[in-house]
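Read through the structure below, which is laid out as structure tokens, and then see the notes.
In what follows, chains are A, B, ... by sequence order, proteins preceding strands, each numbered from 1.
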Amino acid sequence: MSSIAATAGSSDHGHSAHGEDRLALLKAVPFWSTDHKVIGIQFLLTTILMLMVGGALALGVRWQLSFPWENMPILGALFANAGGQVSPEFYTMLFTMHATVMIFLVIIPVLAGAFGNFLIPLMIGADDMAFPILNALSYWIMWPAAFCFAASMVFNDGLGPNAGPAAGWTSYPALSAIPEAAPGSGWAQFWWLLGVTLVGVSSMMGSVNYMTTIINMRAPGLTLFRMPMTIWGMFITAILQAFALPVLTAAGFMLMADRVFGTCFFVPSGLVVNNAAPTVGGGQTLLWQHLFWFYSHPAVYIMVLPAMGMVSDMLSCMCRKPLFGYKPMVYSLAAIAGLGFIVWGHHMFISGMNPALGMTFMVSTIMIALPSAVKVFNWIGTIWGGRPVFNVVFLNCVAFISMFIVGGLSGIFMAAVPVDIYIHDTYFIVAHFHYVLFGATLFGVFGAIQFWYPKMFGRYMSEGWGKLHFFLSFAGFNGTFFPMHLLGVAGMPRRYADPYLYPYLEHLLPLNQFMTLSACVMGFAQFILIGNIILSWFFGKKAGRNPWNANGLEWTAPSPPGHGNFDIPPIVYRGPYEYSHPDRESDFWPQTEPPEAPKPVPQQDPEPAPA
Amino acid sequence: MDHAHDDSHPHVNYFGVFIALCICTAISVAFDLIEISPILLVGLVLAIALAKALFVMTYFMHLKFEGRWKFVVLAPTAVLAVGLMIALAPDMAMHYYTMDTPQSKMVVVTHGGDGHHSEEGDEGHHAEEEHASPSSSH
Amino acid sequence: MSHEHHPPALKMGLPIPNAKLGMWLFLGTEIMFFTAFIGSYIVLYFGSVDANGRSAWPTDTHVTHINILAGGLNTFILIVSSYFVVVAHEAMTLKDFVKARKFLWMTFALACVFLGIKSYEYYGKIHYDILPGHIPETAEQSVHKFQNNLSDTLDRKLNDLIPGDAPLHVKQLEVPTALQDAEGERLIQLKAYSALHSEFLKIREAISADKLSMEQAKVKLKQLQENDTYGHIVSGLRVYDPIVYGNLFSSTYFLMTGFHAIHVIVGMLLFGAALAVGTSLDEKWTDWVENSGLYWHFVDLVWIFLFPLLYIIPGNIGQ
Amino acid sequence: MKWFWCCFFTFWPILAVIVCLASPSLGWWFPGASASPLGERIDDLFYMILIISAITFIGTQAGLAYVLFRGAADTDKDPSHKAWFSHGSHELEVIWSVVPAFILLFIALYQMDVWAEYRVKDAFPQQKMRSVLERLGQERDEDSSLALAEVTARQFEWRIRYPGFDPETGDLLPLMPEPQATDLYAVNDLHLPSSSPVMINLKTMDVQHSFFLPELRIKQDAVPGLVIPIWLEANEQRTYQLLCAELCGWGHYKMKARFVAESEEDFLDYLHRLHEEQNYDRVENSEDVAAE
Ligand code: HEA
Ligand code: HEA
Ligand code: CUA
Ligand SMILES: [Cu+2]
């Protein structure tokens, strides 16, 4: 912990007077506040809560896969009746809601909602978002959405094996469009769709807000190519959201209408479902898949681009070295986003899509590895020749790179259509997306929590506990998800409540049990994270304005920043990655430091009286 | 309505634009009344719609007087909007595989209606008749 | 709204206020929203094929009860209202708030007219039961629908004649006793009912034996309607001709026009907010009027495309 | 501590590689060698991508380990020494975009044939499929369907329809799009001739399902409202697993069926057996039934 440890402590003392401020930010959390920092923290705490909910649902899934049809402890007693046994309907509901919670209430809101909100104004030197009220709404609308999801779990027969949406998070019709097709999903599916629409509205509000803020409210001197990668990531994510999400919202309305008003966009006529009368209709089910993936493929990049941005910033700071290839990094981010719009069909290779489309989508999908490759190599290049500090932030960032490579490479297998014929809808897919979603994004988020925590609360998080959390998460994660590749190759289909019905899968049971064990380790490791977050509020080492000796604008504001963020309006003179400049004494060069400064001042900290 | 000629910052003859839009609408409706080949009609009517849209955007929405950012905002949506439809077409509009629905097995004969505008006529739907080849699917 | 903190010379970004930029970006999202609807409509239109592999979309305006003149009128109304909005905004920038209010009011009124015409069209659809999920697509379904409608009519009549909560089949059993006790008008009604009911039973039997074609059903209904005793009960009934892909047609029609109408209502709310402040409308509202105006023009734009796509082109292409 | 983490990030890729190398022998690998020629080509493609990505994986992880170790060593040597001040290298950027670009383009183009053969109707081995039908003695005219059976998925079973025999000549009839009086039916039991390509039509009665033969590496969704042709060719005469691979409701996991690949004679025999079972009117038993 060379240079960081050396200087970080020095600014501690000046800010002990901020104690009052620090709590003020937190105290606002349960209430309506339009301050972007409060909203960011609200989002962060909510998503961590939801991570536990989604994780508990995942553990339910894992239970059934390793101890099929045995009574489930804890969760079983709570939810499933029939003596705690997981019924097939309940299993379907478990993985549907697991994915829903993780994607719509954890990953998307933690990136765009929590870090987007907290960081965008601070990193561009603005005092708040462009539309603070809209911003607050975009948080509070999460709760009705969460309520809808909860309602979708308890509707119909109440908490029970027959309740809940039963069509997976992809919600393919006709299963999702015809109530008779999934007995018990009656209103549940409707509530689910309503919930998705509401999170959609929330993200849409957020994205318009972020775009406006980033375009129009940058501090003087902060040109586009001086923006930190985090901001680029958030900006491009917002663009993706803005242009892809409305399509899903529209499709969601169509599906809702199919269920409720008797329309038939996704229901062909003449289907005999569950011995009911043949359907009256005329629509096409594939239309939903196209519209859904037109959003949800860009959405997977929504779930990773901000993390890529944050990792770039953290890596550069932790290695005390400029980001390797800043412009290629920006362009590749944009290229991923652009290509991301034209690859959605790779989820539909074997869905009866026109084969010519299949080929087109294969080529575009494989080519998306190119900008990703540029990013990976540039991250490695950033560490190369740097002076890394092996702290929790850095470890999580390295894990991000390492895991993203695995998840990305498995993406190539699936992008190759002939191979996808075999591995589609097997656990290979499940492995792939957990590697990118948890392995990459969540580790990035863990790092980001550690990194910006001092800015949020004015205190450091514990390094020791952080490392333990990292170690257990990493080991548990790989223990859970690496074997899924092998299950996939062995042909184990996903969304199976009982794969062992098939002789050729029987011998995979022990492996599955090992994975469940690892999942428990990983799951319980998250308690360490939560403990670390809570305890550090009270006992963490106090941090000054710039605990990591970083260059970004956010570090020139007090920790935690008061309302309006900056006590001195920042003016930007350079990019955010001028670490270890050979002509300077200190190994960092804040963006706001005027170039004509007669003597390099190591610690730029004018100690203004707190407001 | 001549008071529209007030001069404000961008000098636009809003009333003129308005008249142009009305004329376009009238032409569209006129196409409906005259005999004209369907393909020509589709082309013309869509062209007119596009023209109207451009009128509204350039003058009423003041895009003519905005900076280059307008392209940055509008070009991606335009490309995506058209692209989405083009990408949907091979699957949804043309069918690579045989359809297997009752409708797709019927032969629909339309005895083209005699006139256009007997609005909400007294009888029910009367012009179209289908000769469904006896739906033998079930 | 927008915070302009930095001196303009140092301001980064675009030379337009945040609110306007935000509105434009929002309109970008709206374009994609309607693209999903309109795009789906177009591909479904061409994809709804019959045995010849050609689109069998119901296009005849007599069948679909699409009224091109009503659509054209609505186009005109939206254009006028768009024009009024620009005039109102111009008046705002010139600080002529009286004039601005006048034009905002007129816009608001025109939006109401638009919705009125829209409801008239909807009413026509509802009247002919061109509603998603209700439309028979084969002769068989037409006949069944006729049977169901007849049965519903009878049930309603029965409930009128024998009020109470008892289930229908119980009431049915009470009819003979009621017939004995009744006199005067009630007796006539009851007789009509039971005569019709026995006709209904025959029809039902014929239908379940597949012995009533649609043409026969029409003749039958005509006979029923001409009957002096019970003709009046069934006077409102109709044997609906089947419309192939009618359900999909009405789904898309209601989806697109419905969401457009919702946007119109939102626009009215935006203008309503500016009008609600009454005479205290002042320059603080200029941005509001401008941005609501942008939104309103977008609503107009959507309609400009819906009009040819829903009204003119299908109405002419089918023949 | 930092050395521990360097080793940590080096160790796990090594472990991953070892696990992968060991897994075939532990049974965590393909369910047997591919049982169809197309499947063999799919496997080959899989292995090709596996090799490319293994090289990439090892390469990038080794690179990562190298920079970590080097970084750790540097901070050890001279704590006051600053990091390398570099904003990147144009040449490197070009190299590491162009090289992967070629590799990726190669992967993409190399897949096309197999995909076309599997999915593009004109590229199906129609000649071979026709000759099987001829050997089975099917009366054919030019445009009768090449499909030998129609598989209809439904919650939660597979229904199979075979063409029947001509009541007069006893010849096998072609499969008609609409059910015929002569058709033969079976549930969850698909029989087809082996060792030559045969085609089936895939349909669904209700929601979306997916026809999955893991040993043959074949998978195709059954889409409501569409008839999708699939062709397959089993190398061996034996019974294979048939699963459903697309979520189709609570019973998705139990849409278990079997696919029996047999010789052409056995297949005809099977059809004859089906024919007899179906036309067997239980006359002798009718009294027993009435007695009950
Ligand atoms: C954060 C989320 C995320 C990310 C970033 C990605 C990234 C990628 N994904 Fe993934 N994907 C998902 C989330 C994500 N995916 C989810 C959630 C699903 C399943 C949804 C469901 O069905 O429920 C899915 C499903 C999915 C499928 C569908 C599979 C199926 O259902 O049959 C496919 C198919 O092509 C695919 C491909 C890819 C590719 C090619 C990338 C690429 O972007 C990866 C590029 C990165 C690299 C390749 C690594 C780095 C590069 C190098 C080291 C350079 C050298 C490499 C080579 C020369 C090969 N993904
Ligand atoms: C960001 C997204 C995300 C994340 C983080 C995760 C995390 C996890 N997922 Fe998730 N998963 C998805 C997204 C995600 N998943 C998606 C999109 C699907 C597809 C669904 C579909 O097919 O439709 C899926 C499907 C899926 C399946 C496949 C189900 C199937 O197809 O049948 C499995 C099976 O093992 C699984 C397991 C796990 C596990 C063990 C974790 C672990 O990482 C979780 C670790 C646990 C915690 C972080 C919480 C710890 C909390 C506690 C320990 C509290 C316990 C309290 C009580 C019990 C009261 N997931
Ligand atoms: Cu059928 Cu899954
Ligand atoms: Cu994807």
TODO: Could you tell me which portion of Lys327(A) (side chain, backbone, both or neither) has an atom closer than 4.5 angstrom to a non-hydrogen atom of chain D?
DONE: neither
Open item on the list: Once rounded to the nearest 0.5 Å, what's the spacing between atom CG of Leu104(D) and atom OG1 of Thr365(A)?
Closed with: 11.5 Å
Open item on the list: Show, in sequence, the C-alpha distance, side-chain angles and deciding distance for Asn378(A) and Trp96(D), and conclude whether the side chain to side chain contact (heavy atoms under 4.5 Å, CB included) test is met.
Closed with: CA-CA 9 Å; Asn378(A) 276 312; Trp96(D) 66 41; 3.3 Å; yes
- [ ] Anything under 30° is parallel, anything over 60° is perpendicular, the rest tilted; go ahead and classify Phe4(D) against Phe471(A).
- [x] tilted
Open item on the list: Between Tyr500(A) and chain D, with a heavy-atom cut-off of 4.5 Å, which part of the residue counts as in contact: side chain, backbone, both or neither?
Closed with: neither
- [ ] Working to the nearest 0.5 Å, report the span between CH2 of Trp250(D) and OH of Tyr91(A).
- [x] 15.5 Å
TODO: Measure Phe413(A) against the heavy atoms of chain D and call it side chain, backbone, both or neither at under 4.5 Å.
DONE: both
Open item on the list: For a quick test of reading the model, state the closest non-hydrogen atom pair linking Tyr502(A) to Leu242(D) and the distance between them.
Closed with: CE2-O, 4.4 Å
- [ ] Can you see which heavy atom on Cys6(D) is nearest to which on Phe390(A), and at what distance?
- [x] SG-CZ, 3.6 Å
TODO: Please state whether the side chain, the backbone, both or neither of Leu395(A) comes within less than 4.5 Å of a heavy atom of chain D.
DONE: both
TODO: Sort Pro173(A) into side chain, backbone, both or neither according to what part of it lies under 4.5 angstrom from a heavy atom of chain D.
DONE: backbone
- [ ] Counting only heavy atoms closer than 4.5 Å, note whether Met414(A) contacts chain D via side chain, backbone, both or neither.
- [x] neither
- [ ] Looking only at non-hydrogen atoms, find the nearest pair between Trp12(D) and Ser402(A) and report the distance.
- [x] NE1-OG, 3.0 Å
TODO: Determine the minimum heavy-atom distance between Pro503(A) and Gln241(D), stating which atoms define it.
DONE: CD-NE2, 3.6 Å
Open item on the list: Counting only heavy atoms from other residues, nucleotides and ligands, does the tally under 6.0 Å from CZ of Phe11(D) exceed 12?
Closed with: no
Task: For Ser351(A) against Asp221(D), the heavy-atom pair lying closest together - done: CA-OD2, 3.4 Å
Task: Intermediate values then yes/no, side chain to side chain contact (heavy atoms under 4.5 Å, CB included), Asp425(A) and Glu246(D) - done: CA-CA 7 Å; Asp425(A) 267 340; Glu246(D) 181 66 61; 3.2 Å; yes
Open item on the list: Please classify the contact between Lys121(D) and chain A as side chain, backbone, both or neither, with a heavy-atom cut-off of under 4.5 Å.
Closed with: neither
Open item on the list: Please classify the contact of Pro322(A) with chain D as side chain, backbone, both or neither, using a heavy-atom distance under 4.5 Å.
Closed with: both
Task: For chain A, the option from Gly63(D), Ala54(D), Ala101(D), Ala222(D) that forms the most heavy-atom pairs under 4.5 Å - done: Ala101(D)
Open item on the list: Can you confirm whether Trp115(D) sits close enough to Ile421(A) that some side-chain heavy atom of one is under 4.5 Å from a side-chain heavy atom of the other?
Closed with: yes
Open item on the list: Taking every non-hydrogen pair under 4.5 Å, which of Arg119(D), Gln155(D), Glu93(D) racks up the most with chain A?
Closed with: Glu93(D)
- [ ] Measure the NE2-CG distance between His252(D) and Asp498(A) for me, rounded to the nearest 0.5 Å.
- [x] 12.0 Å
Task: His507(A) side-chain N/O to Gly27(D) backbone N/O, donor-acceptor pair under 3.5 Å - done: yes
TODO: Among the options Leu370(A), Thr170(A), Thr92(A), pick out the one with the most heavy-atom pairs lying under 4.5 Å from chain D.
DONE: Leu370(A)
Task: Residue, of Pro493(A), Gly381(A), Ala181(A), Pro371(A), that accumulates the most heavy atom pairs under 4.5 Å with chain D - done: Ala181(A)
Task: Ring centers of Phe85(D), Trp589(A) separated by less than 6.0 Å - done: no
Open item on the list: Can you confirm whether Phe69(D) is buried at CZ, in the sense that more than 12 heavy atoms of other residues, nucleotides or ligands lie under 6.0 Å from that atom?
Closed with: yes
- [ ] Under 4.5 Å heavy-atom distance to chain D, tell me which part of Ala166(A) shows up: side chain, backbone, both or neither.
- [x] backbone
TODO: Would you mind reporting whether Val389(A) and Lys2(D) have side-chain heavy atoms less than 4.5 Å apart?
DONE: no
TODO: Classify the ring geometry between Trp84(D) and Phe324(A) as parallel (under 30°), tilted (30 to 60°) or perpendicular (over 60°).
DONE: tilted
Task: 4.5 Å side-chain heavy-atom contact, His424(A) and Phe212(D) - done: no
Open item on the list: Parallel, tilted or perpendicular: which one describes the rings of Tyr253(D) and Tyr496(A), with boundaries at 30° and 60°?
Closed with: perpendicular
Open item on the list: Please report the interatomic distance CG(Leu271(A)) to CZ(Arg154(D)), rounded to the nearest 0.5 Å.
Closed with: 12.5 Å
Open item on the list: Can you tell me how the ring of Phe474(A) sits relative to the ring of Phe9(D), calling it parallel under 30°, perpendicular over 60° and tilted otherwise?
Closed with: perpendicular
Open item on the list: Does any backbone or side-chain atom of Pro355(A) lie under 4.5 Å from a heavy atom of chain D? Answer side chain, backbone, both or neither.
Closed with: both
Task: Donor-acceptor contact present, side-chain Tyr326(A) to main-chain Gly88(D), <3.5 Å - done: no
Open item on the list: Just so I understand: if I count every heavy-atom pair under 4.5 Å between each of Leu202(D), Thr60(D), Leu105(D), Val120(D) and chain A, which residue has the most?
Closed with: Thr60(D)
Open item on the list: Counting only non-hydrogen atoms closer than 4.5 Å, does Asn478(A) touch chain D with its backbone (N, CA, C, O), its side chain (CB onward), both, or neither?
Closed with: side chain
Task: Exam field: side chain Gln220(D) to backbone Ile350(A), donor-acceptor pair closer than 3.5 Å - done: yes
- [ ] For residues Phe8(D) and Val398(A), determine if any side-chain heavy atom of one lies less than 4.5 Å from a side-chain heavy atom of the other.
- [x] no
TODO: Indicate yes or no for a side-chain donor-acceptor contact from Trp28(D) to the backbone of Pro483(A) under 3.5 Å, with no hydrogens or angles considered.
DONE: no
Task: Heavy-atom pair count under 4.5 Å with chain A, highest-scoring of Pro224(D), Cys20(D), Gly71(D) - done: Pro224(D)
TODO: Flag the one option from Gly251(D), Ala116(D), Cys244(D) with the top tally of heavy-atom pairs under 4.5 Å to chain A.
DONE: Cys244(D)
Task: Interchain contact, Ala356(A) with chain D, by part (heavy-atom threshold 4.5 Å) - done: neither
- [ ] Check Val489(A) against Pro31(D) and note the closest heavy-atom contact, atom names and distance.
- [x] O-CD, 3.8 Å
Open item on the list: Taking the side chain as everything from C-beta on, heavy atoms only, tell me whether Val19(D) gets closer than 4.5 Å to Leu486(A).
Closed with: yes
- [ ] Would you sort out whether Ile383(A) and Leu68(D) count as a side chain to side chain contact (heavy atoms under 4.5 Å, CB included), showing the intermediate values?
- [x] CA-CA 7 Å; Ile383(A) 308 177; Leu68(D) 287 180; 4.2 Å; yes
Open item on the list: Does any backbone or side-chain atom of Phe266(A) lie under 4.5 Å from a heavy atom of chain D? Answer side chain, backbone, both or neither.
Closed with: neither
Open item on the list: Evaluate Ser53(D) against Ile412(A) for side chain to side chain contact (heavy atoms under 4.5 Å, CB included), listing each step before the verdict.
Closed with: CA-CA 8 Å; Ser53(D) 57; Ile412(A) 300 297; 5.9 Å; no
